[in-house]
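Read through the structure below, which is laid out as structure tokens, and then see the notes.
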Number of protein chains: 2
Amino acid sequence: MRKKGKSREKQANVEASLRVSPAVINRLPRYFRYLRELIRIGRLRISSSELSELMNVTASQIRQDLNCFGGFGQQGYGYNVKYLYGKISEILGVTQNYKAIIVGTGNLGRALATNAMFENRGVTLTALFDIDPTIVGKRIGKFEVEHIDKLDEYCTQNQVDIAVITVPRDSAKETAEQLARLGVKGLWNFTNIEFDLSGTRTKVQNVHLGDSLMTLCYNICAEDNRIAAEQRMQSADNQSEQYED
Amino acid sequence: MRKKGKSREKQANVEASLRVSPAVINRLPRYFRYLRELIRIGRLRISSSELSELMNVTASQIRQDLNCFGGFGQQGYGYNVKYLYGKISEILGVTQNYKAIIVGTGNLGRALATNAMFENRGVTLTALFDIDPTIVGKRIGKFEVEHIDKLDEYCTQNQVDIAVITVPRDSAKETAEQLARLGVKGLWNFTNIEFDLSGTRTKVQNVHLGDSLMTLCYNICAEDNRIAAEQRMQSADNQSEQYED
DNA sequence: TAGATTGTTAATCGATTAACAATC
DNA sequence: TAGATTGTTAATCGATTAACAATC
């Protein structure tokens with residue numbers, strides 16, 4: 001059972017949004033993912049040490065992270081999986097029912113438009129926009145693509161919290177600034193360029209797929225180098241063995 | 001002109017792949033991106049302080065980061081843009097001409113298959129695989145989709161450095177382990193689950209789009225809370241003003 | 001040469017881990 | 001109550017920034 005009265009929840013943190021370190025914030029979605037999986041397999045409770053083994057992090061880090069937002073656990077018991085999942089969902093804004101649009105219905109935009117990811121995370125897609133007249137009017141999933149000229153009107157008349165930006169790089173900056181002007185709260189940026197929206201309240205989350213691919217390439221390349229170095233060592237050893245007898 | 005003889009390049013680091021901190025590695029692709037842009041606009045040289053302004057980081061960090069790999073600059077001059085770009089490209093493995101395949105040609109797989117990102121970063125796509133018989137044999141971009149049953153044979157007979165994993169979550173673990181067994185050097189994972197390939201030399205780079213969306217939602221939600229708090233403060237101020245006179 | 005800017009060391013800052021008292 | 005496990009403080013570790021001597 002949950003403790004009631006003398007709850008230690010850091011209400012201050014949640015309410016006044018006292019700055020939580022970016023390192024912690026970036027780990028929250030991963031907790032969310034693991035907790036959902038635990039619910040799926042029917043787990044009712046979990047201790048920080050069990051979860052730490054599952055997630056390959058320290059139990060200390062888990063307790064520290066969760067405590068930025070409140071005392072969600074119980075001494076001697078651990079964490080109630082569903083309760084914790086609910087709390088993290090709240091913190092992540094899953095319960096806010098944010099509305100999103102996709103701007104740019106190229107291959108990537110279309111792929112996202114039909115992806116269950118949004119609804120699985122409490123975000124509702126409401127419209128798609130494109131500039132290409134041969135695409136405008138076509139159906140993608142349950143939407144009819146609208147012309148980008150309608151963007152201003154749409155954003156003024158409907159709640160738009162998030163805009164997914166999947167336009168070509170040349171129109172990206174302009175589009176981003178337009179959306180920020182229209183008061184869209186967050187941009188999910190799939191283009192290669194970065195936006196400077198300081199001076200607005202609009203948040204930007206960059207995906208930069210190319211950077212991710214490059215990081216992978218670096219790690220592969222570094223491993224290749226290590227393997228080559230190992231082999232050089234080995235053959236050097238063999239050489240000296242030959243001389244030894 | 002580049003200095004020659006008494007070069008200070010950390011050859012040791014590049015050759016023996018002395019561990020570079022993950023924080024630095026994750027920043028490299030961003031340098032790569034900005035340098036490419038500088039080349040595009042015809043810049044020949046740049047100082048760390050100029051670049052720092054452009055990228056919104058400290059000059060100190062830039063010099064520190066680059067020096068993990070060698071002395072690529074010149075006192076009193078700065079960095080030669082093309083030379084530095086070449087060096088970072090090398091470090092990131094762009095010059096290795098890695099070969100990649102895409103496993104899973106759903107919406108996301110198809111979007112990636114026709115994306116210029118790979119060739120722009122020195123990676124060559126060579127084949128696509130899927131399990132769905134209605135898709136196998138169809139053309140996507142310049143490829144004909146092959147059946148996943150051919151994966152073993154293909155990987156044995158061709159160099160496959162990178163596999164892009166865009167399969168449904170239920171077949172993800174199995175697919176990843178198969179690819180690791182086949183000696184694929186790196187997995188670019190677009191599924192929601194994580195792989196444990198410790199004990200293999202295969203590197204995994206997770207994209208986790210859902211996590212990225214959640215981080216954006218957190219930041220929006222936190223900002224919403226801050227705005228609400230501000231407004232409460234404001235109305236409290238107004239209240240006390242009323243009482244003041 | 002004088003001015004500029006790097007490479008590098010030392011100082012600071014922030015994030016992670018360890019330890020343990022509080023408490024369920 | 002005794003055992004378990006959290007919440008939290010203190011210690012450690014790593015990453016960032018500042019400063020400056022080296023040098024182009």
Side-chain angles (χ1 to χ4, degrees), chain A residues 1-14 18-28 30-31 43-81 83-84 87-88, chain B residues 1-14 18-28 30-31 43-81 83-84 87-88:
Chain A
M1 298 302 94
R2 300 292 317 148
K3 65 195 170 214
K4 303 235 173 60
K6 50 174 174 170
S7 156
R8 292 228 195 117
E9 301 197 8
K10 311 264 151 49
Q11 228 25 54
N13 240 1
V14 178
L18 206 122
R19 225 44 100 148
V20 177
S21 103
V24 175
I25 293 167
N26 284 316
R27 282 193 292 268
L28 289 179
R30 192 158 179 259
Y31 292 126
R43 273 299 289 270
L44 295 180
R45 52 176 261 194
I46 195 156
S47 69
S48 58
S49 71
E50 248 180 315
L51 189 55
S52 80
E53 240 169 274
L54 214 59
M55 295 183 66
N56 252 305
V57 295
T58 64
S60 208
Q61 180 166 79
I62 292 174
R63 294 202 299 277
Q64 194 81 279
D65 283 356
L66 297 180
N67 255 83
C68 294
F69 302 97
F72 298 149
Q74 210 165 116
Q75 280 101 328
Y77 172 89
Y79 299 88
N80 176 299
V81 174
Y83 177 80
L84 184 57
K87 281 297 178 187
I88 290 185
Chain B
M1 296 305 93
R2 298 294 315 148
K3 66 196 172 216
K4 304 234 173 61
K6 49 175 176 171
S7 155
R8 292 227 196 118
E9 300 197 7
K10 310 265 153 48
Q11 230 20 55
N13 241 0
V14 177
L18 206 122
R19 225 44 102 149
V20 177
S21 103
V24 175
I25 294 167
N26 284 316
R27 282 193 293 267
L28 289 179
R30 193 157 178 259
Y31 292 127
R43 273 300 288 271
L44 295 180
R45 52 176 261 195
I46 195 157
S47 70
S48 59
S49 71
E50 249 180 314
L51 189 56
S52 80
E53 240 168 274
L54 214 60
M55 296 183 64
N56 252 306
V57 295
T58 63
S60 207
Q61 180 167 80
I62 292 175
R63 293 202 299 276
Q64 194 82 279
D65 283 356
L66 297 179
N67 254 85
C68 294
F69 301 97
F72 298 149
Q74 210 164 116
Q75 280 101 329
Y77 171 90
Y79 298 88
N80 176 299
V81 174
Y83 177 79
L84 184 56
K87 280 298 178 187
I88 291 185

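Values reported hereafter were calculated over all heavy atoms of this structure, with side chains retained and with hydrogens, waters and symmetry mates removed. So you know, we letter chains A, B, ... as the sequences are listed, proteins then strands, and number each from 1.
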Taking all non-hydrogen atoms of both residues into account, name the closest pair between A:Ser52 and A:Ala59 and its distance. CB-N, 3.4 Å
Without decimals, in angstroms, what is the distance between A:Leu84 CG and D:dG7 C1'? 14 Å
Between C:dT8, D:dA15, D:dT9, which one does the side chain of B:Gln64 approach most closely? C:dT8
If we check side-chain contact (heavy atoms from CB on, under 4.5 Å) with A:Ile46, which of these qualifies: A:Ile62, A:Leu84, A:Asn80, A:Val81? A:Val81
Taking 4.0 Å as the cut-off, does a side-chain nitrogen or oxygen of B:Thr58 come that near to OP1 or OP2 on D:dT17? yes
In whole angstroms, the gap separating C1' of C:dA15 from CD1 of A:Ile62 amounts to 16 Å
Please compare A:Asp65 and B:Ala59 by the position of their nearest nucleotide in DNA chain C and report the one closer to 5'. B:Ala59
Return no unless some side-chain N or O of B:Tyr79 is found under 4.0 Å from OP1 or OP2 of D:dC24. no
Between C:dA2 (C1') and B:Tyr77 (OH): distance, integer Å: 20 Å
All heavy atoms of B:Leu66 vs all of B:Ile88, minimum pair found to be CD2-CD1, 4.0 Å
May I ask you to evaluate whether B:Ser48 reaches the phosphate of C:dT6, defined as a side-chain N or O under 4.0 Å from OP1 or OP2? yes
Apply the test side chain to side chain contact (heavy atoms under 4.5 Å, CB included) to residues A:Arg27 and A:Gln61: give CA-CA distance (whole Å), side-chain angles for both, the deciding distance (0.1 Å), then the verdict. CA-CA 10 Å; A:Arg27 282 193 292 268; A:Gln61 180 166 79; 3.3 Å; yes
Rounded to whole Å, please give me the gap between CD in B:Gln74 and C1' in D:dT23. 10 Å
Could you tell me the separation between the CG atom of A:Leu51 and the P atom of D:dA4, rounded to a whole number of Å? 20 Å
In sequence, state the C-alpha distance, the side-chain angles, and the governing distance for B:Glu50 and B:Tyr79, and then conclude on side chain to side chain contact (heavy atoms under 4.5 Å, CB included). CA-CA 11 Å; B:Glu50 249 180 314; B:Tyr79 298 88; over 6 Å; no
Which of these nucleotides, D:dT17, C:dA15, D:dT8, is closest to any side-chain atom of B:Gln61? D:dT17
Counter-base of D:dT17, judged by Watson-Crick or G-U geometry with both distances under 3.5 Å: C:dA10
Expressed in angstrom and rounded to an integer, what is the separation of A:Gln75 atom CD from C:dC20 atom P? 17 Å
Please tell me if A:Arg27 has a side-chain N or O lying less than 4.0 Å from either OP1 or OP2 of C:dT16. yes
Counting only side-chain heavy atoms from C-beta out, which of C:dA15, D:dA15, C:dG7 sits nearest to B:Arg63? C:dG7
Using Watson-Crick or G-U wobble geometry with both distances under 3.5 Å, which nucleotide pairs with D:dA22? C:dT5
Under 4.0 angstrom, heavy atoms only, what part of the nucleic acid is A:Ser60 near: base, sugar-phosphate, or nothing? base
What is the separation between atom CZ on B:Phe72 and atom P on C:dT8, rounded to the nearest whole Å? 12 Å
Atom-to-atom span, CG of A:Asn67 to C1' of C:dT23 - whole angstrom: 14 Å
